[in-house]
Novice: 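Pasting a structure below so you can have a look.
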Number of protein chains: 2
Amino acid sequence: MQIETIIQEKKLKLTAARKEILELFIDSQKPLSYDDIKESISMDKATFYRNISKFETESILHSFESNDKKRYYEITGTPHAHFICKECNSIECLEESINLKIKNHTVHDILIKGICQKCMG
Amino acid sequence: MQIETIIQEKKLKLTAARKEILELFIDSQKPLSYDDIKESISMDKATFYRNISKFETESILHSFESNDKKRYYEITGTPHAHFICKECNSIECLEESINLKIKNHTVHDILIKGICQKCMG
DNA sequence: TTATAAATGCAACTAAGTCGCAATTAAGAT
DNA sequence: ATCTTAATTGCGACTTAGTTGCATTTATAA
């Protein structure tokens, strides 16, 4: 996944901030919140959120609200469900796809909440 | 569902605030946030949240974070999944139960996000 | 190289929820 | 019926995630 290609396809300006954000999300194996990466990035949080928002409207990233009042973002790729641990707030991507249809509704995302292996002890 | 029975079973004091909260949630057909009901209740928000928190530890209510940074609460009854519309943020209780097991994880809740019938136009 | 629309940093703001503390109250004991 | 006391309440100040207005800077295309 080439950052410059992504940016050019959507006709966005390639700024240092955008490069930083996309590098982080492309390398990450799981969704990240602003809080997760604020130490690793050099831009202001307004810049972060404005870019994230643009990336979302361009479908480069998508997001969901977790159990900890934070929004988590990930690169839009193969759709998959997420497991959120109510105890430690960790998030796992579930690879086995869940095929779920609800009539008169378009399903985009599935979040499963519960207790993860670590927290079950 | 009798409010006095619920309160007595958990050995809590029956206060006016608790009565108000439980009445609202027992009558509601869907999960409610503080914002949904703040006009209808007479207590301070600290009191609301402290009681909600107690009701959650007593398993009288349970809650989840929706797509709009608000936490939604509902009476603990028959387990069911929720559909959250990403566009209008409405929440529906899904009655057909979804049987989902993930090895090494305890599943408590399922949230399905997408677009509801109204918003599909 | 320049023009300009878009992007940035900063500071001030919003909104959901939390916390400390003094005053009040439910419920059991007298 | 009243007293006692731990639990509950209201208030105000605080926290934290995210947003907004505005002056300055910068990527791109002419």
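Chain identifiers are assigned alphabetically (A, B, ...) following the order of the sequence lines, protein sequences preceding nucleic acid strands; residue numbering begins at 1 within each chain.
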Novice: Whole-Å distance between D:dG18 C1' and A:D36 CG?
Specialist: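 Distance check: A:D36 CG to D:dG18 C1' gives 15 Å.
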Novice: Expressed as a whole number of angstroms, how long is the span from A:I41:CD1 to D:dG18:C1'?
Specialist: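 After rounding, the reported distance stands at 13 Å.
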Novice: Just how far, in rounded Å, is P of C:dT8 from CD1 of A:I52?
Specialist: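 Nearest whole value for this atom pair: 12 Å.
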Novice: Should B:V107 and B:I98 be counted in the same cluster of Ile, Leu, Val, Met, Phe, Trp and Tyr side chains packed under 4.5 Å apart?
Specialist: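 Linked, B:V107 and B:I98 end up in one cluster.
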Novice: How long is the line joining CE of A:M43 and P of D:dT24, in whole Å?
Specialist: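 These atoms are roughly 23 Å apart.
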Novice: How far apart are the closest heavy atoms of A:C88 and A:C116, and which atoms are they?
Specialist: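 For A:C88 versus A:C116, the nearest heavy atoms are SG-SG, 3.9 Å.
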Novice: Please confirm whether the shortest side-chain N or O distance from B:K54 to OP1 or OP2 of D:dT8 is below 4.0 Å.
Specialist: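 Yes.
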Novice: Under 4.0 Å between a side-chain N or O of B:Y49 and OP1 or OP2 of C:dG17?
Specialist: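 Affirmative; the distance criterion is met.
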Novice: Find which nucleotide of DNA chain C each of B:I7 and B:D44 is nearest to by heavy atoms, and output the residue with the more 5' nucleotide.
Specialist: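 In this pair, the answer is B:D44.
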Novice: Under 3.5 Å between N/O atoms: give me all the protein pairs with nucleotides 22-26 of chain C, atom names plus distance.
Specialist:
residue, atom, partner, partner atom, Å
C:dA26, N3, B:K13, NZ, 3.4

Novice: If we check ring-ring contact (aromatic ring centres under 6.0 Å, His included) with A:Y34, which of these qualifies: A:Y49, A:Y73, A:F25?
Specialist: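 Testing each of A:Y49, A:Y73, A:F25 against A:Y34, the sole residue satisfying ring-ring contact (aromatic ring centres under 6.0 Å, His included) is A:Y49.
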Novice: Report the distance from atom NZ of A:K38 to atom P of C:dG9, rounded to the nearest whole Å.
Specialist: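 Atom NZ in A:K38 sits about 17 Å away from atom P in C:dG9.
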Novice: Between D:dT8 atom P and B:N51 atom CG, what is the distance in whole Å?
Specialist: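 Roughly 8 Å, once rounded to whole Å.
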Novice: With B:E9, which of B:I6, B:T5, B:L12 fulfils side-chain contact (heavy atoms from CB on, under 4.5 Å)?
Specialist: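 The single option meeting the side-chain contact (heavy atoms from CB on, under 4.5 Å) with B:E9 is B:T5.
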Novice: Can you spot which of B:K30, B:E74, B:K113 makes a side chain to side chain donor-acceptor pair (under 3.5 Å) with B:H82?
Specialist: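 The option that passes is B:E74.
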Novice: Nearest-nucleotide wise, let me know which of A:A46 and A:D35 is further upstream toward the 5' end of DNA chain D.
Specialist: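 The answer here is A:D35.
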Novice: Could you tell me whether the side chain of A:R50 has a donor or acceptor atom within less than 3.5 Å of a complementary atom in the base of C:dG9?
Specialist: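 Per atom types, the contact qualifies.
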Novice: What is the distance from CD of A:E4 to P of D:dA27, rounded to the nearest Å?
Specialist: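 Rounded to whole Å, this separation is 13 Å.
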Novice: What are the two closest heavy atoms between A:I26 and A:I3, and how far apart are they?
Specialist: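 It is CD1-CG1, 3.8 Å.
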Novice: When you measure only distances, ignoring hydrogens and angles, does the side chain of B:K45 come within 3.5 Å of the base of C:dG17 through a donor and an acceptor?
Specialist: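 Indeed there is one.
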Novice: Measure the distance from CG on A:N67 to C1' on C:dA16 and round it to the nearest whole Å.
Specialist: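 For the pair A:N67 CG and C:dA16 C1', the rounded distance is 15 Å.
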Novice: Counting heavy atoms from C-beta on, name the nucleotide in C:dA16, C:dA7, C:dG9 closest to the side chain of B:K70.
Specialist: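 When the side chain of B:K70 is considered, C:dA16 is the closest of C:dA16, C:dA7, C:dG9.
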Novice: Charged N to carboxylate O below 4.0 Å: is that the case for B:K86 and A:D109?
Specialist: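 Here B:K86 pairs with A:D109 in a salt bridge, since their nearest N and O are under 4.0 Å apart.
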